[in-house]
Amino acid sequence: MNAPLFRLQGVTRRYGSRQVLAIDHLEIRQNEILALVGPSGAGKSTLLRLLNFLEPPTQGTICFRGVEIGPERRPSLDLRRRVTTVFQRPVLLRRTVYKNVYYGLQLRGWRDREEHIGEVLEQVGLTDLAQAQARTLSGGEAQRVALARAMVLQPDVLLMDEPTANLDPYNVGLIERIVTRLNREVGITLVLVTHNIFQARRLAHRVALLLEGRIVEVADAHDFFEHPQDPRTAAFVRGEMVY
Amino acid sequence: MWLSLQVSGVALLLSTVIGIPLGALLGLTRFVGRRLVIAVMYTGMGFPPVVVGLFVYLMLSRSGPLGSLGLEAIPDLFTPAAMILAQTIIAFPLVAGFTMAAVMGVDPDLRLQVLSLGATPWQTIMAILSEARTGVIVSVVAGFGGVISEVGAVMLVGGNIEHSTRVLTTAIVLETRKGNFDLAIALGIILLSLSFAANLAMLRLQGSSLNQ
């Protein structure tokens with residue numbers, strides 16, 4: 001535990017002339033839950049897209065499992081497939097729940113892992129809806145399908161972008177329990193973007209505050225909330241506006 | 001009847017092979033000149049078939065730019081191959097245009113989410129086309145409608161030669177002119193039945209996606 005899985009060095013991301021991310025240094029440790037908190041527009045989702053190799057950094061390097069990825073150095077397909085994301089608003093395929101969960105395995109040609117689908121559906125409480133059309137599900141059920149289709153791939157890193165925003169307390173609780181179990185029992189590293197500091201406190205081992213694309217402070221969850229080093233972190237933890 | 005099916009079938013196949021990738025390209029990518037290509041494609045969607053026939057006729061005639069080359073690969077006028085060429089030019093903008101619209105109607109976040117699940121760029125395109133399948137099949141239906149009912153272009157480039165280039169539509173025109181209304185109506189019923197059967201088959205391809 002605690003060996004760095006990701007190491008970001010001098011990473012920036014620009015869209016045209018607008019710089020949305022500038023991270024001097026960040027490490028994400030193996031088997032940890034790192035919560036990224038900060039106001040809207042702080043660059044949290046952009047950082048997740050970079051970590052999932054969905055877009056390249058404008059400058060700098062992202063070192064993942066010892067492989068350096070940069071503006072000109074794209075990751076191999078195999079490396080890219082070790083990371084996946086659960087998005088805030090899941091877009092499911094126009095297929096049954098079962099086929100949505102099977103989709104990622106199908107992409108990899110992993111037909112032998114199909115037997116795991118039943119297990120995963122049971123874990124997310126969707127066994128009875130396996131043959132339902134995914135587009136007919138409620139928001140909470142759809143998010144659990146999104147979680148299941150990521151879980152069945154057994155990624156090294158699971159990125160979660162506001163996975164419980166707009167969900168009812170039952171679904172929030174269920175997803176939090178699954179996420180905790182995935183980390184503790186399966187050993188999956190989790191990076192969780194959340195607006196909810198209580199959720200960050202409940203789940204994360206470490207917490208990072210992002211403001212205007214920069215990391216203000218990264219610390220163990222207890223220190224982050226109880227002994228923040230930066231006055232902006234202290235203000236954020238107190239629920240004050242830190243824009 | 002068989003010639004009608006062969007000519008329209010091959011033309012539709014070619015239109016699909018050209019039109020679906022072109023529609024997907026226009027719907028999914030952004031490049032310099034894309035708007036111009038779309039404008040040309042839209043014009044092609046509304047092109048009068050007889051003008052396409054005239055264009056193909058002039059190109060393929062012995063003194064035309066293609067016909068004068070005398071190449072093996074270029075079809076002669078008054079052959080089924082010339083009719084297929086004209087019908088392909090009529091149908092592929094329809095297939096491409098409707099495919100582009102269908103692809104653009106797919107939730108734009110799907111692309112990122114499919115990539116995040118580990119799809120290659122090719123697998124991503126296939127996933128988007130699969131999500132847009134109702135519209136993509138409509139594009140093929142529109143292309144089929146454009147070619148099976150077409151008369152002006154095939155008359156011009158095919159010449160309506162008996163046992164060679166006479167198809168159902170040109171036969172209907174001929175029989176009507178000769179006053180053989182019974183035969184013309186019978187041919188019309190066959191044409192409509194063919195169209196209905198082909199569209200039923202395509203509806204089957206759309207499957208349950210129509211109900212979602």
Side-chain angles (χ1 to χ4, degrees), chain A residues 45-46 48-55 74-96 99-110 131-137 142 145-161, chain B residues 20-21 23-25 27-35 98-141 201-212:
Chain A
S45 298
T46 305
L48 283 200
R49 286 198 296 276
L50 262 61
L51 293 174
N52 201 174
F53 311 115
L54 296 173
E55 49 188 85
R74 304 292 293 142
S76 65
L77 183 63
D78 178 54
L79 206 65
R80 191 158 67 76
R81 285 179 169 174
R82 288 169 182 268
V83 186
T84 191
T85 304
V86 173
F87 293 85
Q88 180 178 351
R89 190 181 66 86
V91 181
L92 302 178
L93 300 168
R94 290 199 311 180
R95 304 175 186 184
T96 62
K99 285 185 175 171
N100 266 277
V101 179
Y102 178 57
Y103 180 69
L105 297 177
Q106 192 185 352
L107 293 175
R108 289 159 171 77
W110 289 351
Q131 296 309 321
Q133 285 299 322
R135 295 272 173 105
T136 63
L137 302 179
V145 175
L147 187 56
R149 72 180 176 183
M151 283 164 64
V152 80
L153 303 175
Q154 298 183 340
D156 294 350
V157 185
L158 182 58
L159 310 170
M160 305 186 87
D161 194 353
Chain B
I20 291 180
L25 180 82
L28 296 174
T29 61
R30 302 291 177 266
F31 55 88
V32 178
R34 175 173 169 267
R35 291 178 79 89
F98 285 116
T99 297
M100 184 188 78
V103 159
M104 289 176 77
V106 173
D107 192 319
D109 287 347
L110 179 77
R111 187 181 146 272
L112 210 60
Q113 300 202 8
V114 164
L115 278 171
S116 162
L117 287 170
T120 61
W122 173 252
Q123 287 171 328
T124 307
I125 292 169
M126 294 311 289
I128 293 169
L129 280 174
S130 168
E131 287 302 288
R133 62 187 177 274
T134 309
V136 172
I137 291 169
V138 166
S139 81
V140 180
V141 169
M202 285 191 258
L203 197 62
R204 209 179 150 75
L205 272 178
Q206 281 180 318
S208 59
S209 65
L210 267 186
N211 303 326
Q212 289 167 28

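Since the model is a prediction, treat every value here as computed from it, not as a measurement. Chain letters run A, B, ... following the sequence lines, proteins first, then strands; residues in each count from 1.
At a heavy-atom separation below 4.5 angstrom, chain B is approached by L77(A), R80(A), R81(A), V83(A), T84(A), T85(A) within residues 77-86 of chain A.
Only the backbone of L92(A) comes within less than 4.5 Å of a heavy atom of chain B; no side-chain atom from C-beta onward does.
Counting non-hydrogen atoms of other residues, nucleotides and ligands closer than 6.0 Å to CZ of R35(B) gives a total of 12 or fewer.
Among R108(A), R49(A), R89(A), the residue with the largest count of heavy-atom pairs under 4.5 Å with chain B is R89(A).
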Q | Audit row: L93(A), L110(B), side-chain contact (heavy atoms from CB on, under 4.5 Å) steps and yes/no | A | CA-CA 8 Å; L93(A) 300 168; L110(B) 179 77; 3.7 Å; yes
Q: Would you sort out whether Y103(A) and L117(B) count as a side-chain contact (heavy atoms from CB on, under 4.5 Å), showing the intermediate values?
A: CA-CA 8 Å; Y103(A) 180 69; L117(B) 287 170; 4.0 Å; yes
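The CG atom of L115(B) lies 6.0 Å from the CG atom of L54(A); values are rounded to the nearest 0.5 Å.
At distances below 3.5 Å, at least one donor-acceptor pair connects side-chain atoms of E131(B) with backbone N or O atoms of R94(A).
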